There are 2 protein chains.
Amino acid sequence: MRPDDIPAIRSLNLFKDMSEECFHTLIRGAYVQTFPAQVELITEGDPSDFLHIVVSGNIELHANWNGRETSMANVRPISTFILAATIKDGPYLMSARTAEKSRVIMIPSTDVRAIFEQDSEFARAVVTELAQCYRSLVKNTKNLKLRTSLERLANYILRTSNFSENALEFKLSQEKRRLASFLGMTPENLSRSIKALRPYGVEIDGNQVTITNIDDLKTIAKPSVFIDDFSS
Amino acid sequence: MRPDDIPAIRSLNLFKDMSEECFHTLIRGAYVQTFPAQVELITEGDPSDFLHIVVSGNIELHANWNGRETSMANVRPISTFILAATIKDGPYLMSARTAEKSRVIMIPSTDVRAIFEQDSEFARAVVTELAQCYRSLVKNTKNLKLRTSLERLANYILRTSNFSENALEFKLSQEKRRLASFLGMTPENLSRSIKALRPYGVEIDGNQVTITNIDDLKTIAKPSVFIDDFSS
DNA sequence: CGTCGAATTGACCGCGATCAAGGAAGGTGG
DNA sequence: CCACCTTCCTTGATCGCGGTCAATTCGACG
């Protein structure tokens, strides 16, 4: 592990209030590894042996059933993923693959569960983290069930812009096919939706997104703090 | 509160390991109320003033956006709901209404958060509960994104049968329109899907469901433990 | 019985998926 | 440096699942 990894991880909400002793117990048993793109880190159904932390790169969580696949989320540095499976000691419900070259820290789940029993501050931090994840998923479900694919795309653009400090220009951080799957649509349909948004103030050329008229975009997107707000 | 409510609540996973003292602090401040059907208990966006526990009846969680509504879940006795909002001290992300006459216990959120800080066993129980809820939502998302509406209905019937100790006959526990919304389809489409399942071993007459050929049903449903299993 | 809401059924529409073909971009080897 | 290949994206044509609209039937309840 690089020396500057440790303070970075320590500063995560999940770890920042736990005792120094417990933190080091976790870190001592951890592995760090750099993976190239398109590596399957986790397979749905496997026992959850490690809590994963992505330090650099980009991880895609996805799920499969009956020959179909869907993208569930993208995890960006620095955050943990698959915490719930580790805590419940249950099988992974999603698979994870590197979307690009990524550095990942893996903490044995048994260690995490042991510290969880031992350090109350950590247990409380896990609660906050899980509650946050849960609420994000509720929002995601509402997004899927209450909106058309065009509306989902429009709001995705607004959210991403917000996330980049309200920048009116930014780059899509993943392949369009993955984005399409995440948004619950096909790549073809995403292409068409992108064109359909042009009259509403959005130009997308390759990965480059430019919002030319944010008011028009908001008119069609109708963003809601109870679906699109990351922080609440 | 009725005398027999207290042991019932106490036996919930969420409360069963906490100290007697803390449990009584929670109970002391709690309100109990019986509501008729179709009462809006909670409105999306309101501050989360209470942790709710449904003791009898049936609560529907739903969400709205831009004039549309969708059913998110049905809560049956005895369980809590909207725990994440209480812990995060954030606004409700879903609304709740009684689907039938229901008795509900309401514990002030400030009490819950205070005890959460104080009682580590309770904090750990909250983790387990939230992790469970989170994983249920992941499964629900996979169900929505990976399956057609007919497949969702087929699997819903199998899950419900499983839940009723593998009974081949049971009653739908909610209006078909709510079920349709929960399954992400219209009432009309649910009607048609019900007819479409008849050749696959399912008879539905009113609320009465009869599985006449569970193997045929499984062939079309292809249930997966990573989507349909309640316990994992 | 009459009333009202829910469920069903039919006809039609449209969003989004599928299938198929054509570019654009990036990497590889001669 | 350029031909070639691979892969992704785009575009067009068509299909079908599921939604919408409307009319009817069913069922609970007063």
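The shown structure was predicted, so the numbers you read here are calculated from the model rather than taken from an experiment. Numbers restart at 1 for each chain; the letters A, B, ... are given by sequence-line order, proteins then strands.
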Review point. Do any side-chain nitrogens or oxygens of A/Ser191 fall under 4.0 Å of OP1 or OP2 in D/dT11?
Key: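 No, outside the criterion.
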Review point. For B/Thr148 and D/dC17, is the shortest distance between a side-chain N/O and OP1 or OP2 below 4.0 Å?
Key: no
Tell me: [atom1] of [X] to [atom2] of [N], nearest whole Å?
X        : N      : atom1 : atom2 : result
A/Leu172 : D/dC9  : CG    : C1'   : 12 Å
B/Asn189 : D/dG16 : CG    : C1'   : 12 Å
A/Lys145 : C/dC15 : NZ    : P     : 21 Å
A/Lys195 : D/dC9  : NZ    : P     : 16 Å
A/Glu175 : C/dG26 : CD    : P     : 13 Å
A/Glu151 : C/dC15 : CD    : C1'   : 12 Å
A/Gln208 : C/dA25 : CD    : P     : 14 Å
B/Arg152 : D/dC17 : CZ    : P     : 13 Å

Review point. Is B/Arg177 side chain donor-acceptor paired with the C/dG5 base, going by distance under 3.5 Å alone?
Key: no
Exercise for review: Measure distances between side-chain N and O atoms of A/Glu188 and base N and O atoms of D/dC9, and say whether any donor-acceptor pair falls under 3.5 Å.
Suggested key: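 For A/Glu188, whose side chain was compared with the base of D/dC9, there is no donor-acceptor pair (under 3.5 Å).
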**Study point:** Considering all heavy atoms, the nearest B/Ser109-B/Ser48 contact
**Key:**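 For B/Ser109 versus B/Ser48, the nearest heavy atoms are OG-O, 2.6 Å.
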**Study point:** Where A/Arg68 and B/Leu146 come nearest, the two heavy atoms and their spacing
**Key:** NH1-O, 2.7 Å
Check your understanding: With nearest nucleotides of DNA chain C determined for A/Leu150 and B/Asn207 from heavy-atom distances, which residue corresponds to the more 5′ nucleotide?
Key ->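 Closer to the 5' end of DNA chain C: B/Asn207.
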Practice item. Give one of base, sugar-phosphate or nothing for B/Ser193, where a contact means two heavy atoms less than 4.0 Å apart. Key: nothing
Check your understanding: Below 4.5 Å, heavy atoms only, C-beta onward: do A/Phe182 and A/Asn140 meet side chain to side chain?
Key -> yes
Review point. Are B/Gln33 and B/Val104 close enough that some pair of their side-chain heavy atoms sits under 4.5 Å apart?
Key: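 B/Gln33 vs B/Val104: side chains apart.
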Point to revise | salt bridge (charged side-chain N to carboxylate O under 4.0 Å, His left out) partner of A/Asp228, the single match among A/Lys222, A/Arg147, A/Arg152 | key: A/Arg147
